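Scroll down for the structure; my scribbles are underneath it.
As the structure is a computational prediction, the values presented were derived from the model and not from experiment. Side chains included, hydrogens not; waters and symmetry mates left out as well; all remaining heavy atoms used.
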Amino acid sequence: MKFKAILFSVAVGMSTLIFAQETSQKKYSPPPGNALVGDIYGAGITNTAESKAITAEKLGKKLKKDKKVENVAIKGKVTDVCEKKGCWLTIETEDDSQFFVKMKDYAFFVPTALKGKNVVLEGNAERKVTSVDEQKHYAEDAKRPQSEIDAITKPKEEVRFVANGIKVVK
């Protein structure tokens with residue numbers, strides 16, 4: 001009887017270990033997918049978001065007047081995606097600068113295949129000062145060279161966007 005109890009305990013322990021390992025592997029990699037036109041991530045976007053989406057330049061002008069803009073739709077091209085989890089991305093603006101996008105409440109992630117695709121994002125934007133440590137963290141996630149990471153020495157004011165949903169468009 002003791003042998004059966006020990007055998008049962010070992011089996012349960014091994015199952016738990018295997019499940020935990022599978023869960024942690026899934027937890028730390030971006031979701032699969034090809035990010036095809038029409039694919040939606042997060043809560044999606046409203047029916048009017050795509051037609052009412054503004055450019056990053058217009059968003060910048062709005063943020064000069066107000067510190068925060070809520071419930072706004074933006075269109076742009078994805079230039080970078082977190083290689084580690086797909087938990088952030090950057091959008092290219094018309095003047096070849098970029099702004100940073102995080103997912104609302106860390107509730108969804110995007111595949112790395114989103115890089116280079118045009119998207120419409122819906123959410124909230126604000127101007128924010130990003131600390132040196134946070135900038136270095138994101139540079140490490142993006143697998144930047146150590147020399148580039150070491151060159152980050154000052155906090156940076158930038159546009160930050162928190163996306164409720166993202167849709168891949170043409």
Side-chain angles (χ1 to χ4, degrees), residues 19-93 97-144 149 152 155-169:
F19 178 75
Q21 187 176 17
E22 286 177 8
T23 302
S24 70
Q25 286 172 351
K26 290 178 186 175
K27 185 177 177 183
Y28 294 110
S29 62
N34 294 323
L36 302 174
V37 172
D39 284 357
I40 296 173
Y41 305 97
I45 61 172
T46 60
N47 292 335
T48 59
E50 203 169 335
S51 62
K52 291 185 176 182
I54 63 173
T55 62
E57 182 181 7
K58 286 183 182 176
L59 175 64
K61 287 178 183 176
K62 283 185 174 197
L63 286 170
K64 283 184 181 177
K65 288 187 244 175
D66 303 313
K67 186 174 177 165
K68 189 171 187 175
V69 178
E70 295 187 356
N71 300 317
V72 64
I74 303 295
K75 57 185 170 186
K77 184 177 182 178
V78 177
T79 56
D80 209 356
V81 175
C82 174
E83 296 278 334
K84 205 173 195 178
K85 297 181 195 175
C87 60
W88 57 260
L89 54 97
T90 54
I91 297 290
E92 183 176 64
T93 63
S97 61
Q98 299 178 0
F99 70 88
F100 192 81
V101 179
K102 290 178 84 170
M103 311 331 165
K104 184 178 181 188
D105 298 329
Y106 212 60
F108 66 97
F109 303 120
V110 297
T112 55
L114 198 61
K115 190 186 285 189
K117 307 289 174 92
N118 293 311
V119 295
V120 172
L121 311 156
E122 196 167 35
N124 302 324
E126 66 181 328
R127 285 210 165 274
K128 182 182 177 202
V129 175
T130 306
S131 72
V132 170
D133 287 343
E134 192 173 359
Q135 289 179 68
K136 286 185 176 194
H137 169 78
Y138 294 128
E140 289 168 358
D141 280 357
K143 299 184 178 172
R144 299 281 186 251
I149 295 167
I152 300 169
K156 165 172 96 169
E157 184 176 332
E158 62 185 347
V159 173
R160 283 293 188 91
F161 195 92
V162 177
N164 300 326
I166 300 171
K167 180 178 181 181
V168 182
V169 297

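- Here F100 contributes atom CZ and E134 contributes atom CD; the two are 7.0 Å apart, rounded to the nearest 0.5 Å.
- Minimum interatomic distance between P30 and G86 (heavy atoms only, all atoms of both residues): CG-N, 3.8 Å.
- In summary, the side chains of T130 and Q135 do not present any donor paired with an acceptor at a separation below 3.5 Å, with no hydrogens or angles considered.
- Among all heavy-atom pairs drawn from V129 and P155, the shortest one is CG1-CB, 3.8 Å.
- Closest of all the heavy-atom pairs between V110 and P31 is O-CD, 3.5 Å.
- Looking at heavy atoms from C-beta onward, V169 lies in side-chain contact with E50 at the 4.5 angstrom threshold.
- Put simply, the residue from V69, L63, D66 that forms a side-chain contact (heavy atoms from CB on, under 4.5 Å) with R127 is L63.
- With a 4.5 Å cut-off on side-chain heavy atoms, Y41 and P111 count as touching.
- Taking 4.5 Å as the limit, some side-chain heavy atom of V168 sits within range of a side-chain heavy atom of L114.
- The closest side-chain heavy-atom distance from I91 to K77 is not below 4.5 Å.
- Contact between A73 and A49 at its shortest, heavy atoms only, is CB-O, 3.6 Å.
- The OG1 atom of T112 sits 15.0 Å away from the NZ atom of K84 when rounded to the nearest 0.5 Å.
- By the 4.5 Å heavy-atom criterion applied to side chains, I152 and R144 are not counted as neighbours.
- Between K167 and D39 there is no salt bridge, since no side-chain nitrogen of the basic residue lies less than 4.0 Å from a carboxylate oxygen of the acidic one.
- Panel note: side chain N124, backbone N71; a donor-acceptor pair is recorded below 3.5 Å.
- Closest non-hydrogen pair, A142 versus W88, comes out as CB-CH2, 3.7 Å.
- We find the NZ-CD1 distance between K117 and I166 to be 13.5 Å, quoted to the nearest 0.5 Å.
- If you take NZ on K115 and CG on L89, they are separated by 11.0 Å, rounding to the nearest 0.5 Å.
- Ion pair E122/K52 not flagged as a salt bridge, since none of the NZ, NE, NH1 or NH2 atoms sits closer than 4.0 Å to an Asp/Glu carboxylate oxygen.
- Going from atom OH of Y138 over to atom SG of C87 covers 7.0 Å, rounded to the nearest 0.5 Å.
- Note that CD1 of I149 is 11.5 Å distant from NZ of K143, once rounded to the nearest 0.5 Å.
- Relative orientation of the F99 and F161 rings is tilted, given thresholds of 30° and 60° on the angle between their planes.
- In this structure, the side chains of K85 and D141 stay at 4.5 Å or more apart for every pair of heavy atoms.
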